[in-house]
Engineer: 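My structure is below; once you've seen it, I'll send some questions.
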Amino acid sequence: MAVLEIKNVTKQFGGLIALNDVSFSVEEGEIRGLIGPNGAGKSTMFKNIAGFYTPTDGSVIYRGQNIAGKSPHAIAEMGIVRTFQETTLFQELTVFENALVGSHITAKTDLFSAILGLDKAKQTAANEKVMEVLDFMGLSDRKDQLASELPLGSQRALAISIALVSEPRLMLMDEPFAGMNPEETNHMMDLTCKVRESGITIILVEHDMKAVMGLCHYLTVLNFGQLLAEGTPEEIRNNERVIEAYLGGAN
Amino acid sequence: MNSRLKKIIGSLVLLATLVAIPHFLKFHHQDLLIFLTINVLVVASYRIVTLTGEWSLIHAVMMGVGGYTATLLFKNFDLGMWFTLPLAGGVSALIAALLCFPLFRMTQFYFLIGSFAAGEAIRLVWIQYVNPFGGTGGLSGVEPPIIGGIDFLDAIPYYYLALTVVGFCLFILYRIENSRIGLTLHAVHWKAPLAESVGVDTWRYRALAFVIGSFFVGIAGALKVHYLGTITPNQFGIGFMVFILIWVIVGGYNRFYGPIIGVVVLTVFDESIRSFAEIRPAIYGAVLIISILFLPKGLESIPAKFKAWFGIGSNSDAPPLADK
């Protein structure tokens with residue numbers, strides 16, 4: 001069953017058409033790669049799904065419900081969580097506190113419980129969940145370090161941890177491999193597989209072809225805001241239109 | 001000695017000092033001590049607003065809202081202080097909640113100016129509507145309570161009363177900041193989109209901080225008017241707001257107690273240069289500039305700096321939410 005269906009999504013910024021009538025759907029439990037040259041509209045598509053943009057036209061159907069135009073926090077509550085392109089973290093907080101922010105939905109509290117300490121059980125459960133995720137992502141040794149002190153690979157792992165603590169059903173990962181060395185890339189690929197095995201559907205925007213080809217079950221290729229091709233990594237690798245888009249067409 | 005014991009002893013010493021202090025002061029200084037105690041609540045409640053990264057210019061006016069509420073309730077309905085205090089906070093919070101709708105469509109600089117404009121509008125209402133607000137001359141005749149034969153018009157009993165109320169409010173503010181709500185407010189400040197992506201309704205939390213801050217500063221306003229007996233629109237003008245900003249910035253806003261240190265140190269300092277008369281504002285200004293230049297993280301960062309110079313302690317002493 002399709003978890004997410006993108007139906008005829010168009011996004012216009014003034015005269016610029018960033019996405020033009022794009023449709024595709026994502027199945028439960030897969031790792032979907034969303035690729036394309038720079039400016040193809042991948043990040044715009046992500047922002048439309050996660051609620052940071054409202055599509056000019058078309059709908060985003062998540063488990064049978066149109067979520068286009070909902071606010072990011074409402075979409076997060078429904079189980080869709082995105083990670084960010086750059087290392088967007090709470091640099092001033094510790095690793096543990098960073099991940100704890102992720103438990104907002106499950107451990108949300110009201111003013112009076114917070115003042116009187118009535119929400120202790122909830123907060124203890126949240127702390128345990130955070131430790132579980134940090135263990136899972138191999139960050140538990142660093143839990144008291146400031147996020148800004150972490151090496152790049154661990155910062156990305158922390159970004160994913162924050163998302164995981166919020167117990168998403170669908171995770172949108174925006175270039176998690178950018179700027180990584182081969183070793184870090186391998187580690188991150190393992191982590192991504194582990195995340196999927198824990199039952200989370202993943203959509204991945206990525207330029208690192210090794211990672212994309214190695215991880216994804218199915219690829220969706222965008223070019224100039226339009227759907228260019230869809231298929232397995234093998235099919236896409238041999239698709240002439242895709243090769244042309246990436247390498248530039250010979251006139 | 002374990003840290004828990006140290007904390008208990010520290011609190012007891014602090015409490016004893018606070019209780020003993022007015023007995024060593026002249027009458028004029030006892031007055032000042034009461035206003036200082038109230039101003040501690042003003043800056044501490046302002047801090048919770050700034051936690052989300054929004055600096056408002058309406059805090060002083062919100063204090064006035066509390067003050068006027070207490071005055072009107074006292075004069076028209078003969079309500080005692082135990083009713084006027086929470087109701088003053090409640091009305092401030094309510095007005096803040098209504099203002100959230102226009103104000104939190106803006107952020108940063110625009111929010112700053114928007115909050116200033118909203119505050120001036122409220123002040124103009126006090127000036128224009130002589131009935132019931134008394135116009136420019138304000139209102140007078142508010143009295144402190146008499147409880148169990150103790151007349152709180154005297155400075156020392158009123159100081160203890162204010163100290164109790166402020167202490168209780170600080171305790172609640174501290175609890176809020178150190179709860180999950182405090183963490184979420186920090187998160188909204190530092191990376192709003194990331195907070196949004198894990199389900200934080202940033203609008204709601206900005207509004208929540210603003211309403212909580214206004215509630216407590218409303219109580220501070222009521223405390224002030226019950227002692228002073230009179231209230232005028234000019235007490236809550238931009239001049240007082242600038243003082244609030246100065247106290248918070250000079251004290252440092254990375255920790256709960258920073259603004260409190262700021263208001264205490266600057267008030268004592270300002271009083272100690274009273275004999276310089278005409279050049280007093282100049283000295284005050286110079287000290288402000290120097291402290292901001294050399295202590296950008298505020299007075300609260302002095303202990304950490306000392307430790308760094310003498311090589312005591314380690315990174316773990318760094319403020320948890322210090323700037324990069």
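No hydrogens, no waters, no symmetry mates; every other heavy atom, side chains included, goes into these values. The chains referred to below are lettered A, B, ... by the order of the sequence lines, with proteins before strands, and numbering in each begins at 1.
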Engineer: Where do Thr83(A) and Leu194(B) land on the side-chain contact (heavy atoms from CB on, under 4.5 Å) test, with the steps shown first?
Structural biologist: CA-CA 8 Å; Thr83(A) 67; Leu194(B) 179 54; over 6 Å; no
Engineer: Could you grab the distance from atom NZ of Lys120(A) to atom OG of Ser179(B), nearest 0.5 Å is fine?
Structural biologist: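 One finds 12.5 Å between NZ of Lys120(A) and OG of Ser179(B).
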Engineer: Look up atom CZ in Phe215(B) and atom CG in Leu111(A), then write down how far apart they are to the nearest 0.5 Å.
Structural biologist: 9.5 Å
Engineer: Quick check on the structure: residues of residues 199-206 of chain B within a heavy-atom distance below 4.5 Å of chain A, by number.
Structural biologist: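 So the qualifying residues are Gly199(B), Val200(B), Asp201(B), Tyr205(B).
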Engineer: Check the pair Ser103(A), Arg180(B) against side-chain contact (heavy atoms from CB on, under 4.5 Å), reporting the backbone distance first and the verdict last.
Structural biologist: CA-CA 10 Å; Ser103(A) 65; Arg180(B) 162 151 223 108; 2.8 Å; yes
Engineer: If you compare all heavy atoms of Leu116(A) against all heavy atoms of Arg175(B), which two are closest, and at what distance to 0.1 Å?
Structural biologist: C-NH2, 3.6 Å
Engineer: Closest heavy-atom contact between Ala195(B) and Phe90(A)?
Structural biologist: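 Taking every non-hydrogen atom into account, N-CZ, 4.1 Å.
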Engineer: May I have the step-by-step check of side-chain contact (heavy atoms from CB on, under 4.5 Å) for Val81(A) and Val198(B), ending in yes or no?
Structural biologist: CA-CA 6 Å; Val81(A) 171; Val198(B) 290; 4.3 Å; yes
Engineer: Once you round to the nearest 0.5 Å, how far does CD1 of Ile115(A) lie from CZ of Phe171(B)?
Structural biologist: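 Taking CD1 in Ile115(A) and CZ in Phe171(B), the distance rounds to 9.5 Å.
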Engineer: Pick one of side chain, backbone, both or neither for Ile75(A), based on which atoms fall under 4.5 Å of a heavy atom in chain B.
Structural biologist: neither
Engineer: Please determine, among Gly51(A), Pro72(A), Ala159(A), the option with the most heavy-atom pairs under 4.5 Å with chain B.
Structural biologist: Pro72(A)
Engineer: According to side chain to side chain donor-acceptor pair (under 3.5 Å), who are the partners of Lys108(A), at least two apart in sequence or on a separate chain?
Structural biologist: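 Per chain and number, Lys108(A) pairs via side chain to side chain donor-acceptor pair (under 3.5 Å) with Glu77(A).
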Engineer: Can you say whether Asp144(A) sits under 4.5 Å from chain B via the side chain, the backbone, both, or neither, judging by heavy atoms?
Structural biologist: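 Neither part.
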Engineer: Kindly give the heavy-atom pair with the smallest separation between Phe52(A) and Pro193(B), and that separation in Å.
Structural biologist: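 Smallest interatomic distance, heavy atoms only, reads CZ-O, 3.6 Å.
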Engineer: Is Leu173(B) close to chain A through its backbone or its side chain, or both, or neither, when contacts mean heavy atoms under 4.5 Å?
Structural biologist: neither
Engineer: Hey, does Val101(A) have a side-chain heavy atom less than 4.5 Å from the side chain of Thr184(B)?
Structural biologist: no
Engineer: Taking Ala107(A), Gly117(A), Ala163(A) one by one, which has the highest count of heavy-atom pairs under 4.5 Å against chain B?
Structural biologist: Ala107(A)
Engineer: For Tyr174(B), is the OH atom crowded, meaning more than 12 foreign heavy atoms sit under 6.0 Å from it?
Structural biologist: no
Engineer: Just wondering, are more than 12 heavy atoms of other shown residues or ligands nearer than 6.0 Å to CZ in Phe294(B)?
Structural biologist: no
Engineer: To check you understand the geometry: which heavy-atom pair defines the closest contact between Ile181(B) and Ala114(A), and what is its length?
Structural biologist: CD1-CB, 3.9 Å
Engineer: Give a yes or no on this: more than 12 heavy atoms of other residues, nucleotides or ligands lie within 6.0 Å of atom CZ of Phe83(B).
Structural biologist: no
Engineer: Rounded to the nearest 0.5 Å, what separates atom CD in Glu92(A) from atom NE2 in His189(B)?
Structural biologist: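 Answer for the CD-NE2 pair, Glu92(A) versus His189(B), is 8.0 Å.
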